[in-house]
There are 2 protein chains.
Amino acid sequence: MVNKKVVARLSSYRTALLRFHELGFVKVFSDTLAEAVGATSAQVRKDFSLFGISGNKKGGYQTDILIEKLQSLLGKDRVQPVIVVGIGNIGTALLKYRGFEDEGIRIVAGFDLDPAKINRKLKVPVLPADEMQDFIREQRVTIGIIAVPDAAAQAVCDTLVAAGIRGILNFAPIVLRAEEGVVVNNVNLQNELENVIYFVNTLAKQIKGK
Amino acid sequence: MVNKKVVARLSSYRTALLRFHELGFVKVFSDTLAEAVGATSAQVRKDFSLFGISGNKKGGYQTDILIEKLQSLLGKDRVQPVIVVGIGNIGTALLKYRGFEDEGIRIVAGFDLDPAKINRKLKVPVLPADEMQDFIREQRVTIGIIAVPDAAAQAVCDTLVAAGIRGILNFAPIVLRAEEGVVVNNVNLQNELENVIYFVNTLAKQIKGK
DNA sequence: GGATTATTGTGATAAATTTCACTAAAAACC
DNA sequence: GGTTTTTAGTGAAATTTATCACAATAATCC
Ligand SMILES: NC(=O)c1ccc[n+]([C@@H]2O[C@H](COP(=O)([O-])OP(=O)(O)OC[C@H]3O[C@@H](n4cnc5c(N)ncnc54)[C@H](O)[C@@H]3O)[C@@H](O)[C@H]2O)c1
Ligand SMILES: NC(=O)c1ccc[n+]([C@@H]2O[C@H](COP(=O)([O-])OP(=O)(O)OC[C@H]3O[C@@H](n4cnc5c(N)ncnc54)[C@H](O)[C@@H]3O)[C@@H](O)[C@H]2O)c1
């Protein structure tokens, strides 16, 4: 019943609400929120009802209470430690990004095979890959990001899962196999770009064709 | 009828096929392909039938012909020039990534407001934002990637569209408004991570609850 | 305080997407 | 050359996801 898309919308609602809150909005209506995230008002209400979130007939939803509930649903009530494996282009971008901290996501370490990438002095240290398993166990990290080349991704996945990682965000363009109970979410940037290219090309053809 | 998800699968089929081809596979079956991309064989065949791609009863699909057809559908028969706006963490990762070139995606320039980021000498030059519109028009670029802070994203989007960009891959966590006919695809990394966190947390609860 | 208005909450309905399950045809086998 | 096997192709069915539309109700107005 609760699927990836609904949860993604919850995240978007939350992001939008934080902005509204900052702008001083005390309450917000389903259609305001819908507009902000590109959905319909009925969908906003349906989504909320799915999680037992209710507002006020007339009067909408109280911004701070709503934020509170979404925070809790999305696990924002405590800091989530996350590690990044593969400190190349993408891995570095993630490590350097300052936006996660305010959102309760703390990248606690990076790992890489390449000795040149290792640096224990950084605020977010980059450690050798062979220290990864111990680190995960000791720090009880459950979320990992895979940003290694595709050929290495499955092996890294296996290692992570063996050490106790339960959720993976994967940037490598392959389908990872992991045991039941491990959550894998893929971000394939090339596919995303190709998607744009496809629709631009077909739209262009349609227009020419008309 | 043709939606984002189908096209995303086409991209995945293509990626998998290139690997199969490299491994010397001359033909491939719907269930092999399905397994490689995490789909079902019926879905693979349905997807292909949607695009008029047919194989051979028994004998499956001929790898090279299939690749050819997907290439053409995905606009790989010519190089697609792309620009990146905002050469921060994500923008830099994209500019430096070597994998796009082999895939017919050429990042032709980056743009940034910050003078410190400008460098015309690079293989992929980083240019001042105010040269962006002329560049797009002169080079007839139609695809752009937005990797600027959320507060700047809508303005950048408007500028891009005014200059002729028809498709946008957006990394900023806001919903961009663009005129009809402009394709916008959002990649929200924070949402993707929160998704993983959500499902890890709810799975953990379920297990404890049982 | 009764009428009016605005907005939620949700069953019913519709649309989209996926899977099923079977037909047809090509290849392999005997 | 006929039989068996294998796999594509595809309508039909099932499932999932989104929209509609309206009753319920709280605030506002007069
Ligand atoms: N950068 C992009 O824009 C982009 C775009 C599309 C896809 N991707 C995908 O994202 C992934 C990462 O891309 P990137 O550009 O950051 O790659 P990269 O080559 O810059 O970095 C990969 C890093 O992983 C490290 N590594 C390799 N094997 C490892 C292992 N077993 N354990 C730990 N570290 C290991 C390497 O030393 C390197 O530092 C790749 O799968 C790539 O296909 C990236
Ligand atoms: N880096 C990540 O891991 C990450 C994670 C989640 C979301 N994001 C989102 O991706 C976007 C980019 O993130 P980032 O970390 O690369 O940001 P960043 O701050 O490192 O880089 C942004 C760049 O955009 C430039 N810029 C600002 N306004 C501009 C304008 N009008 N025209 C041209 N350039 C302009 C800045 O000078 C800067 O170089 C942001 O919206 C961020 O919220 C990034």
Side-chain angles (χ1 to χ4, degrees), chain A residues 1-13 16-17 20 25-70 73 175 186 191 195 198-199 202, chain B residues 1-13 16-17 20 25-70 73 175 186 191 195 198-199 202:
Chain A
M1 185 114 232
V2 174
N3 59 64
K4 226 176 100 162
K5 271 165 106 175
V6 181
V7 177
R9 284 198 299 268
L10 291 189
S11 283
S12 297
Y13 298 147
L17 280 164
F20 286 136
F25 284 49
V26 173
K27 60 185 189 179
V28 66
F29 303 119
S30 57
D31 61 348
T32 320
L33 210 42
E35 151 128 54
V37 308
T40 65
S41 64
Q43 185 157 58
V44 171
R45 298 195 299 273
K46 254 282 155 74
D47 287 346
F48 286 170
S49 92
L50 199 59
F51 293 94
I53 296 175
S54 58
N56 315 297
K57 299 282 159 88
K58 210 156 183 177
Y61 302 84
Q62 206 175 319
T63 315
D64 51 0
I65 293 179
L66 190 47
I67 289 174
E68 205 56 47
K69 291 198 174 148
L70 291 175
L73 275 170
V175 173
N186 298 294
N191 283 11
N195 233 286
Y198 174 85
F199 286 107
T202 46
Chain B
M1 185 112 235
V2 175
N3 59 64
K4 228 177 98 163
K5 270 165 109 176
V6 181
V7 176
R9 283 198 299 269
L10 291 190
S11 283
S12 297
Y13 298 147
L17 281 165
F20 285 135
F25 285 49
V26 173
K27 61 185 187 178
V28 67
F29 303 120
S30 57
D31 60 348
T32 322
L33 210 43
E35 152 128 53
V37 307
T40 65
S41 63
Q43 186 158 57
V44 171
R45 298 195 298 272
K46 255 278 153 74
D47 287 347
F48 286 170
S49 92
L50 199 60
F51 293 93
I53 294 175
S54 57
N56 315 296
K57 298 286 161 86
K58 211 156 183 178
Y61 301 84
Q62 207 175 318
T63 315
D64 52 0
I65 294 179
L66 191 47
I67 290 174
E68 204 58 47
K69 291 198 175 148
L70 291 174
L73 274 170
V175 173
N186 298 293
N191 283 10
N195 233 286
Y198 175 85
F199 286 106
T202 47

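No hydrogens, no waters, no symmetry mates; every other heavy atom, side chains included, goes into these values. This one's a predicted model, so the numbers in the text were calculated from it and none came from an experiment.
Across the protein-nucleic acid pair, B/Phe51 atom CZ and D/dA8 atom C1' stand 18 Å apart, rounded to whole Å. Nucleotide D/dA8 holds its C1' atom 13 Å from the NZ atom of B/Lys69, rounded to whole Å. A/Asp31 places its CG atom 11 Å from the C1' atom of C/dT8, with the value rounded to the nearest Å. For A/Lys46 and C/dA14, the NZ to C1' distance is 12 Å, given to the nearest whole Å. Between A/Tyr13 atom OH and C/dT8 atom C1' the separation is 14 Å, expressed in whole Å. A straight line from CD of B/Gln43 to P of D/dT10 spans 16 Å, rounded to a whole angstrom. We find that CG of A/Leu50 is positioned 16 Å from C1' of D/dT19, with the value rounded to whole Å. Atom CD of B/Gln62 is separated from atom P of C/dA26 by 15 Å (rounded to the nearest Å).
One side chain, A/Asn191 or B/Ser12, offers a donor N or O that lies under 3.5 Å from an acceptor on the other.
At the phosphate of D/dT17, OP1 or OP2 sits under 4.0 Å from a side-chain N or O atom of A/Asn3. One finds a side-chain N or O of B/Thr40 lying less than 4.0 angstrom from the OP1 or OP2 phosphate oxygen of C/dT19.
Using a 4.5 Å heavy-atom threshold, the side chains of A/Leu17 and A/Tyr61 count as separate.
Looking at the side chain of B/Phe29, the nearest of the listed nucleotides D/dG9, D/dT7, D/dT10 is D/dT7. Looking at the side chain of A/Tyr61, the nearest of the listed nucleotides C/dT8, D/dA8, D/dT17 is C/dT8. Closest to the B/Arg45 side chain, of the nucleotides D/dA21, C/dT18, D/dA8, is D/dA8. In this structure, the nucleotide among C/dT18, C/dT7, D/dT10 sitting nearest to the side chain of B/Arg9 is C/dT18.
Of all heavy-atom pairs between A/Tyr198 and B/Leu73, the closest is CD1-O, 3.2 Å. Residues A/Arg9 and A/Asp47 approach most closely at NE-OD2, 2.7 Å, considering heavy atoms. In plain terms, the two heavy atoms of B/Lys27 and B/Gly59 that are nearest each other are CD-O, 3.3 Å.
No engagement by B/Phe48 is indicated, since no non-hydrogen atom pair under 4.0 Å with the nucleic acid exists. At a threshold of 4.0 angstrom between heavy atoms, the contacts of B/Ser41 with the nucleic acid are absent.
Judged by closest nucleotide on DNA chain D, A/Ala39 is the one of A/Gly59 and A/Ala39 placed further toward the 5' end. Mapping A/Lys27 and B/Ser30 onto DNA chain D by nearest heavy atom places B/Ser30 at the nucleotide closer to the 5' end.
B/Lys58 contributes a side-chain N or O that forms a donor-acceptor pair with the base of D/dT5 under 3.5 Å.
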